[in-house]
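Encoded as structure tokens, the structure appears first; notes follow it.
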Protein chains: 2
Amino acid sequence: MLSDVPDLTAHLGYWLRQVSNHVSHAFARKLAAKDVTVAEWALMRVLYGEQPTSPSRLAEHMGLTRGAVTKLADRLIAKGLIARQANTSDGRAQTLELTAKGEGFVPELAALADQNESECFAHMPDDDRKALERILRDAVARFGITAIATE
Amino acid sequence: MLSDVPDLTAHLGYWLRQVSNHVSHAFARKLAAKDVTVAEWALMRVLYGEQPTSPSRLAEHMGLTRGAVTKLADRLIAKGLIARQANTSDGRAQTLELTAKGEGFVPELAALADQNESECFAHMPDDDRKALERILRDAVARFGITAIATE
DNA sequence: TATTGTTATACTCTATAACTATA
DNA sequence: TATAGTTATAGAGTATAACAATA
């Protein structure tokens, strides 16, 4: 006889994943039309309006390894959206920054983010939207999450 | 001058991803200790207590391509957790089912899922947990999501 | 020796498309 | 021809560990 195994749907984690994946995939499809991935967008968004930033700082801020940042950066450099520069005072250090092309692109991608947000949540009653945001923010604080999730 | 680009944190999608990723990663780490991935767990969970099921049906149910199911199944077969069998009436068709070993494993993994759920959400006030579940279930229904997310 | 960054390697997840066997 | 499934290929995302240059 089979043990009593709870249904998948018994878990909040399940419902979170269902909704989060739907929203993220919808956004990923919009970005793909501009030949950008969600991780690439996140890195560009982080650099927007900031001073040139080292891969290490970006890795920490985005919860990635330095190797992962290098790979992501290589792709964005190949697309002409960011630039890598040597630090003058420390021969080991590098910095990453948006190119003019990348900087001009960010608002366009941000508009897609807004569009996705509204397509996904406009239907939701105002009270629910507020409650959801509050509960999620509380959870992030409780979990002690400091890095931004790119996946 | 820079355009006015809203902060990442202005979007509900951002907060959902932060929380969902945290919960999923915490679960993935627990499963990894048993040498199982989340996608593998999802497939095993779907097969638990069911008749032998075709890859096509599984693909549809899990929102994957048939090729992805084949690959996932290959790994689970290599681990001795599921078995592939030819259908007697249709020479093209195959079915997948849990082995005895796989069936005995599911409750153990389900206990990890329960543990993860409680570690992640036990702190949450009862009202919030209920509200969160209701809001997420509503969203899933509104989005018309039918497949279970494995990612 | 320690640190910064890159490179090498590997694995999961996923897709698309070609292919094989059968219907 | 259509269908079921597998295989081939590819790319994103991620990690660990080795490495080179510099401090």
Side-chain angles (χ1 to χ4, degrees), chain A residues 17 20-22 24-25 27-29 31-32 34-43 52-79 82-97 147-151, chain B residues 17 20-22 24-25 27-29 31-32 34-43 52-79 82-97 147-151:
Chain A
R17 198 165 359 138
S20 175
N21 281 7
H22 176 89
S24 289
H25 285 162
F27 184 37
R29 277 194 298 275
L31 287 176
K34 307 278 183 182
D35 193 30
V36 171
T37 69
V38 175
E40 287 166 5
W41 153 250
L43 180 48
T53 308
S54 72
S56 322
R57 280 207 54 193
L58 290 168
E60 195 180 1
H61 187 45
M62 300 178 70
L64 299 173
T65 60
R66 287 172 298 161
V69 170
T70 295
K71 210 167 148 180
L72 206 48
D74 284 346
R75 277 218 312 277
L76 286 165
I77 290 167
K79 292 178 184 176
I82 71 171
R84 185 182 272 134
Q85 297 204 306
N87 184 311
T88 47
S89 60
D90 183 336
R92 297 168 302 181
Q94 300 282 321
T95 58
L96 297 170
E97 62 192 300
I148 67 169
T150 55
E151 254 168 294
Chain B
R17 200 167 358 142
S20 176
N21 281 8
H22 176 89
S24 288
H25 286 162
F27 185 37
R29 278 192 299 275
L31 287 177
K34 306 280 182 180
D35 193 31
V36 171
T37 69
V38 175
E40 286 166 5
W41 153 250
L43 180 47
T53 308
S54 71
S56 322
R57 281 208 53 193
L58 290 168
E60 196 180 0
H61 187 44
M62 299 176 71
L64 298 173
T65 60
R66 286 171 299 161
V69 170
T70 295
K71 211 164 148 182
L72 206 48
D74 285 346
R75 277 217 313 277
L76 286 165
I77 290 166
K79 292 178 185 176
I82 72 172
R84 186 182 272 133
Q85 298 205 304
N87 183 310
T88 46
S89 61
D90 183 338
R92 297 167 303 180
Q94 301 281 321
T95 58
L96 297 170
E97 62 192 300
I148 66 169
T150 54
E151 255 167 290

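So you know, we letter chains A, B, ... as the sequences are listed, proteins then strands, and number each from 1.
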(message) Please determine whether a side-chain nitrogen or oxygen atom of Arg75(B) lies at a distance below 4.0 Å from atom OP1 or OP2 of dC13(C).
(response) yes

(message) Over all strands shown, is Asp90(A) touching base, sugar-phosphate only, or nothing at heavy-atom distances under 4.0 angstrom?
(response) sugar-phosphate

(message) Side chains of Lys71(A) and Leu64(A), heavy atoms from C-beta outward: is any pair under 4.5 Å?
(response) no

(message) Once hydrogens and angles are ignored, does a donor-acceptor distance under 3.5 Å link the base of dT14(D) to the side chain of Lys71(A)?
(response) yes

(request) Tell me which nucleotide among dC13(C), dG13(D), dT6(D) gets nearest to the side chain of Pro55(B). (result) dT6(D)

(request) Return the value, rounded to whole Å, for the distance between atom CD of Gln85(B) and atom P of dT6(D). (result) 13 Å

(message) What is the separation between atom CD1 on Ile148(B) and atom C1' on dT14(C), rounded to the nearest whole Å?
(response) 16 Å

(message) Closest-nucleotide mapping onto DNA chain D: is Ser89(A) or Arg66(B) further toward the 5' terminus? I mean the 5' end.
(response) Arg66(B)

(request) For the residue pair Leu76(B) and Leu96(B), establish whether any side-chain heavy-atom pair is separated by less than 4.5 Å. (result) no

(message) Heavy atoms from C-beta onward define the side chain here; which of dA15(D), dT7(D), dC13(C) lies closest to that of Ala39(B)?
(response) dC13(C)

(request) Taking the side chain as every heavy atom from C-beta outward, state whether Thr53(A) and His61(A) have any pair of such atoms under 4.5 Å apart. (result) no

(request) Take Ile148(A) and Arg17(B), measure what side-chain contact (heavy atoms from CB on, under 4.5 Å) needs, and give me the verdict at the end. (result) CA-CA 9 Å; Ile148(A) 67 169; Arg17(B) 200 167 358 142; over 6 Å; no

(message) Testing Thr150(B), Leu31(B), Leu43(B) one by one against Val38(B) for a side chain to side chain contact (heavy atoms under 4.5 Å, CB included), which residue passes?
(response) Leu31(B)

(request) Measure from CG on Leu76(B) to P on dT12(C) and round the result to the nearest Å. (result) 11 Å

(request) Starting from C1' on dT22(D), measure out to CD on Gln94(A) and report it in whole angstrom. (result) 12 Å

(message) Using a heavy-atom cut-off of 4.0 Å across all strands, would you classify Thr65(B) as base, sugar-phosphate, or nothing?
(response) base

(message) Here's a test of your reading of the structure: between Thr150(B) and Arg92(B), which maps to the more 5' nucleotide of DNA chain C?
(response) Thr150(B)

(request) Could you check how far CD of Glu40(B) sits from C1' of dT12(C), rounded to whole Å? (result) 9 Å

(request) Take the protein atom CG of Leu64(B) and the nucleotide atom C1' of dA15(C), then report the distance between them rounded to whole Å. (result) 11 Å

(request) Indicate, with a heavy-atom threshold strictly under 4.0 Å, whether Arg84(B) touches base, sugar-phosphate, or nothing. (result) sugar-phosphate

(message) From CE of Met62(A) over to C1' of dG13(D), roughly how many Å is that when rounded to an integer?
(response) 12 Å

(message) On DNA chain D, does the nearest nucleotide to Gly67(A) precede the nearest nucleotide to Val38(A) from the 5' side, or the other way round? Give the residue.
(response) Val38(A)

(request) Give the rounded distance in Å between these two atoms: CG of Leu31(A) and C1' of dG13(D). (result) 15 Å

(request) Select base, sugar-phosphate, or nothing to describe what Thr37(A) touches, counting heavy atoms under 4.0 Å on all strands. (result) sugar-phosphate

